[in-house]
Structures are given as structure tokens and as C-alpha cells.
Amino acid sequence: MKYSGLLRWVFTFYLVFAFYISLTFTIQFAYFEVPQQSAGAGGSSAAYWVSEAFANSSVKINTTVYEQSSRIGGRTKIIKYERDGISIPIELGASIFVDVNYYIVENAKKFGLEFMKYGEEMENSKTGIWNGDEFVFEQSSNSYWDTARILWKYGWAPIKVQNLVKEIIGKFLEEYKYDKPFTSIDSEAERLQLDKEIKFTAQYYFSELEKINQLYLKHFVEPMTRVNYAQNLAELHAMGAFISLAPQGAKSIKGGNYQLFEKFIEHSGANLKLDTKIVKVTKLKSPGGINNMKYIVKTKDGSSEEYDAIILAAPIQFTGIEFENMDFKIKEIPYITLHVTLITGYVNPAYFGRAKIDDVPEQIVTTNSEKCEFLSFAGKLQLPNGETISKLFSHQELSDEMLDRLYTSRSWTFRKVWKSYPKLLPNQTFPPLEPDENFFYINSFEPYISTMETECVSSRNIVKLLAERWDGIYLQPIKAKL
Ligand SMILES: *[C@@H]1O[C@H](CO)[C@@H](O)[C@H](O)[C@H]1NC(C)=O
Ligand SMILES: *[C@@H]1O[C@H](CO)[C@@H](O)[C@H](O)[C@H]1NC(C)=O
Ligand SMILES: *[C@@H]1O[C@H](CO)[C@@H](O)[C@H](O)[C@H]1NC(C)=O
């Protein structure tokens, strides 16, 4: 695919399935102890940051990671499509990260993992924007022509939006330069000067505050928030829209993103307890412990361990953990239920009002219209027999009846439902990041920004707080630039 520089991003409809990871883990120190549970981006990176921050400290930390399932990865997971001796890994959950996701990119490099460019397996694929009746825009093979058509139709809107995206990402990158940890999501949003972006819906922000052309919002911006966060412009905050629009250099880890999280755990030296469900956490008075208190973590098999601090790395309402002697109230954050459907088969061009399959774009995003039966349709790759493997996102389960209209034949259909990310509601009350003393909550950051990278940002911030409190060594800020 060729792009003409300036408007490059207009065509990059990467599916920033910006989903994160869940992990609840436990750090337990020689004389300070902490647990965590459930290991995705947040939990696994937290274990790693702890090992870094306390590597050369006189305080020795004994970290335990509790993972209720039998694997590391949280909301990243691959499924292997296997046929005729070929085996193709497909990301089912959080699929891509981008160049400016420094904690992901730099650590993946450090651990020797390889990257795969988004869409690498389906070269020369074209994107179309579907409104349920017709394509309101289709990418051609001539990017100059596409650019000209867009400018003609939408004026300066694409350039204005692109500049805003740059400005917002630039502001966010300031976070990587701070020594000082933040203590609440609101204070962090203010420090980054990115608080206005969570006060308004993306619709109000772009159309009323920034005066962006309505048609452009409908045709280009909203399809991106729909594919990335399954939310329309009038539903999510502007920050969510900006994250959806920033997919420069989209990539994933070859063989599956979960491998990075496995590496984080491996290199952290933490005790890993797979298949271990925490049922109860009790706060106890413990003279001599840190702040004269301890946490008792009880698991389903009936055993219990004592810890000095806990890092919870899963959306709290999905953990089912009972908290005893802890009087915090965390407002439940509503999550989106996302249906992911993988299909191998032959797409029916008639579904899109076309005569030939070659006339149907391989990548389809949708406008906010009742007539769209799915949020997005991503062609992943073509098999030697001409069938394609595609990934669809939708709010509801895609019925066999609907799939039989969309496909002339299907040889494989796989369905998976996720609680993929929070509803990114404007003006919401963020959960506390330290709901009780030395009890931290990584996913408090998610309703602000929900990506694999920002789970790592949140976990690193929590470890900075621990280091400050317990004589660890400050994690060095890293160089981050656009
Ligand atoms: C700990 O100290 C050693 C030796 O001084 C150094 O090589 C290493 O980078 C330090 N580790 C961290 C995480 O700072
Ligand atoms: C670390 O914690 C684990 C699990 O609680 C325990 O089995 C182990 O003995 C501890 N190690 C040290 C050095 O305290
Ligand atoms: C959020 O609160 C601000 C005032 O702080 C208000 O101006 C804005 O309209 C509110 N946004 C929504 C979507 O209600």
C-alpha cells in the first residue's frame, strides 16, 4: 500500500483492538509482601517493574502472581486456525499496539520478540466504509486520487483532525518523562493537560469545540471509534476517539501478543500461580508489619498467604473476590460486551450489492447506522483455495442466518465474547488507584485510556509509588517522542 504522507492516516484503518489485560498479583517481600491476581498487560508488567525497581534496593521483595486461568495473557489470546498442515495464529483479543507504545515496543525488543506489521498477511487490501446500504468511501489503488477525493469532499477536516491527534498524543507522551508518580486519574489527566478530552463526548468535542465537518466525523472518525472501542461518537469521551485515531505503525507480536506478558513474568522472577483463584482478601492488624497491617489472600483450594501489599490487575467486578475489613467502595465501571467472530469462507459480494468478490473491500469499517449488522470486518488472510479468514466485531452474536447471507459458504466459524474494554463515558468518576493502604488497582486507568500500553503505564506508576514508599529505586523516565 502506498500513502501520500500527509493524509496517510486517513487510510490506516487498523483495528486497534485496544484491549488490555487482566491480572491481579501479589508482591510479597522478604519482610514486605504483596500479592497480585490475573496476568495480562497490567499484572505481568507490574511484576516486571517491581523486579526492576527493587533490584538494587536493600528491601527485598517476594512477588507472587495469582492467575485464575491456566495461561498468561488476560485479554490477549490467540487461536490457531489449522488445516492441511498449516497452522495460523490469530489474535482473538487485544490485537495491535503502535510505535509510540514505548513500554510494549521497547520491552518486546529487549526480550527478543519479533513484530508483525498490521495487515502484513493481507497485502494490498483496500478499506471501505459501509453504511449498511452502500460504501460511502472506498480506498482505490491510487492514494493521490483518494487524497484528492477526500479533500474535495471533506475540505480541511482530515488535516485538522490529524493535527489534533498529533497534539494529543504529544501531550500524552509527557507521562513517560515524569519522575513523580500520580495518585489519581483526575490529577494525571490535569497534569497532562488532557482533562478537557474526558469532559465531553467525542461528538461535542469535535463538532462544537473544534468545528470539524459533520460528514467527515460520520464517515471517518466514528467508524474508527466503532472498530476500536465499539462505541459511537455521542457515547464515548474525546480521549477515546483520539486513541482510536492514532494507529501509526500498528503492529503486533509475531505468534501472539501474550508472549510479551509471559516474558514480563518470566523476567520478573515472580512466583507464578496459574489456575489459582483468589476468593477472599482480608485486611488484618499486624503489629510490626508495614503500617501495622497485612493482607491475607485466600485461594479457592483453601490455602492462604500473607502479603504486605496487593496489586489488583483485573476489572474488580469480574474477579468475584470478597474483600474483608476493607471499607472501600469502587463504583462498578460498565464494560462493553464485544462479540468476535472468525470465519473462513467465501464472502458473498451480493451482500454488499456487488457482482464480483474482487469489488468488495477486504477491510470494512462501518458508520453509525441501524442497518449495519456488524461493527467491522477485517480480512486477515487469503488461503490458497481462495477462501479468506476474516475477523468481525459486533455488539450482538452474529447469527448463522446472517452469516449465511454474508457468505456463500463457510468452512469454519469461531465465536468469542469478551468484556473488551470499559464504556468510555465522559465525566465519569474514576476508581481510586489505591483503594486501601498498599492495595492498588491497575485497571483504575482503563476508563480514561484502555490499551495494553496504558495498562503498563498504570502498573509502572503504581510501582513508582511503591518504590517511593519502600526505598526502591526510581524507575528511570524514558525518552518518548512522536
Ligand atoms: C543494579 O546494579 C547493577 C550493578 O551496579 C547494574 O548493572 C544494574 O543495571 C542495576 N539494576 C537496575 C534495575 O537498576
Ligand atoms: C516467597 O513467597 C513464596 C510464596 O508465598 C514462598 O513459598 C517463598 O518461601 C517466599 N520466598 C522468600 C525468600 O521469602
Ligand atoms: C461534563 O462536565 C462539564 C462541567 O465540568 C460540562 O461542561 C460538560 O457538559 C459535561 N459533559 C457531559 C457529557 O455531560
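Indexing begins at 1, ligand by ligand and atom by atom, following the structure's order.
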Quiz question for you: does at least one protein heavy atom lie closer than 4.0 Å to atom 12 (C) of ligand 3? yes
For Tyr295 and Asn438, work out which heavy atoms get closest and say how close. CE1-O, 3.9 Å
Any N/O pair Lys199/ligand 3 closer than 3.5 Å: yes
Would you say His237 and Tyr205 are linked by a side-chain donor-acceptor pair, where the criterion is simply a distance under 3.5 Å? no
Which residue and heavy atom of the protein sit nearest atom 9 (O) of ligand 3, plus the separation: Phe200 CE2, 4.0 Å
For the ring pair (Phe, Tyr, Trp, His ring centres under 6.0 Å) test, which of Phe242, Phe200, Phe220 pairs with Phe206? Phe242
If we ignore angles and hydrogens, is there a donor and acceptor under 3.5 Å between the side chains of Thr282 and Glu324? yes
Which ligand 3 atoms, with their elements, are less than 4.0 angstrom from a heavy-atom of Asn427? 1 (C), 2 (O), 3 (C), 8 (C), 10 (C), 11 (N), 12 (C), 14 (O)
